[in-house]
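Here is the structure we will look at.
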Amino acid sequence: MVVILLGPPGVGKGTQGAFLAEDLGWVRIATGDLLRSARREGTALGKKAEEYMDAGELVPDDLIVALVRETLEGLDTDTGVLLDGFPRTVPQAIALEEMLPEVDRAVDAVLLLEAPDDVLMKRISGRRSCPESGRIYNVYFDPPKVEGICDDSGRPLLHREDDRPETVERRLEVYSELTEPLVDHYDASSTPVLRIQGDGELDEVRAAIRRALATELGVEVGSR
Ligand code: AP5
């Protein structure tokens, strides 16, 4: 199966995607995480992506499509896949539709997480993440046991460069200009779009996603 996690910056795609990947034993392909690790490693892709990311702009479609293709090609076809942060433009969605049959897959559903901008801004301002374990925290809603330190790796937590308020505003604009049209794209297709209210508490959103996947796709989350 392939499920796309769609929604604005800060809505909880990474957080809920990590829960789901663990509960289902699926692979989560998060293009933002892949790009951040390419930057840390100083690869050619990381260097090209840097200025777009720090300005809150999207990285060019061709670079992202090549990255996702390479990642998908390396996976066992039996493994379920959660796409987090991809596709993010209509051309990326079309490229995905062309590439999936080549790896014997198709998109089963889009999980659309939604929340108002003031909730997104508050969440992003409090976000801290661990570059080693990948775990995401929030100083207001989900803090680590020891301030500034990852519970799992013991490493210092980072505040993302693109989480500065002025960059977040641009990321929200880019979402509404380039990514929101994807909702119409999928609504007009045969792929079900499962709308989830993302502004509840962590466990409420997690439960809503489980219900939607069970009802719409027959996927029982938590049965593992
Ligand atoms: P990316 O890393 O994908 O960022 P994003 O989509 O902007 O999403 P975020 O990571 O900001 O938020 P999220 O929805 O994952 O929320 P999270 O779970 O962390 O992309 C970064 C950049 O990379 C892009 O700007 C672009 O430049 C580039 N890029 C990536 N993919 C690309 C593509 N396909 N094409 C082109 N460019 C691409 O949660 C946020 C915070 O809220 C956390 O602190 C969390 O603990 C907290 N939280 C979550 N849920 C709740 C809740 N229910 N209650 C309280 N707090 C909560």
Side-chain angles (χ1 to χ4, degrees), residues 4-21 28-39 45-46 48-69 71 82-93 95-96 111-131 134-144 150-151 157-164 167-180 182 196-209:
I4 294 170
L5 279 167
L6 185 63
V11 76
K13 302 181 296 297
T15 304
Q16 296 296 338
F19 289 155
L20 262 182
R28 174 174 153 257
I29 300 177
T31 43
D33 290 351
L34 292 174
L35 291 170
R36 279 183 288 278
S37 81
R39 288 181 62 169
L45 170 67
K48 281 185 198 154
E50 215 160 52
E51 68 180 285
Y52 296 101
M53 294 174 81
D54 289 348
E57 304 293 338
L58 294 185
V59 173
D61 288 339
D62 56 338
L63 295 179
I64 295 289
V65 168
L67 176 68
V68 172
R69 178 188 294 276
T71 312
L82 280 171
L83 291 173
D84 168 357
F86 178 90
R88 224 167 169 115
T89 62
V90 172
Q92 288 182 17
L96 179 68
L111 266 178
L112 174 62
L113 295 174
E114 298 173 297
D117 283 3
D118 58 335
V119 172
L120 304 176
M121 295 295 278
K122 171 98 178 175
R123 285 186 185 171
I124 289 177
S125 73
R127 172 169 45 200
R128 302 290 182 273
S129 41
C130 175
R135 193 160 157 190
I136 304 166
Y137 297 86
N138 195 287
V139 297
Y140 307 116
F141 307 113
D142 187 21
C150 177
D151 295 349
L157 298 176
L158 299 182
H159 193 188
R160 271 168 49 178
E161 183 62 31
D162 61 346
D163 278 353
R164 284 172 289 131
T167 314
V168 174
E169 276 174 29
R170 179 64 194 145
R171 286 165 59 202
L172 290 170
E173 281 169 12
V174 168
Y175 178 78
S176 82
E177 284 164 23
L178 296 172
T179 307
E180 258 185 339
L182 275 178
I196 307 287
Q197 214 38 55
D199 58 352
E201 297 202 356
L202 280 168
D203 286 344
E204 288 169 357
V205 179
R206 189 175 186 173
I209 291 174

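Start at 1 with the first residue, then count along the sequence. Order of listing sets the numbers, starting from 1, for every ligand and every atom in it. The structure displayed is predicted, hence computed values, not measured ones.
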Side chain to side chain contact (heavy atoms under 4.5 Å, CB included) evaluation trace for T15 with D142: CA-CA 11 Å; T15 304; D142 187 21; 5.6 Å; no
Salt-bridge present (R171, D163; N to O < 4.0 Å): yes
Any T89 side-chain heavy atom under 4.5 Å of L58 side chain: yes
Pair D84 + R28: basic N to acidic O under 4.0 Å: yes
Within the protein, residues bringing a heavy atom under 4.0 Å of ligand 1, chain by chain: P8, P9, G10, V11, G12, K13, G14, T15, T31, G32, L35, R36, M53, E57, L58, V59, I64, G85, F86, R88, Q92, R123, R127, I136, Y137, N138, F141, R160, D162, R171, G200, E201, L202, V205
Counterpart residues, side-chain contact (heavy atoms from CB on, under 4.5 Å), relative to R36 (two or more places apart): D33, R40, M53, R160
Side-chain donor-acceptor pair present, D162, T167, cut-off under 3.5 Å: no
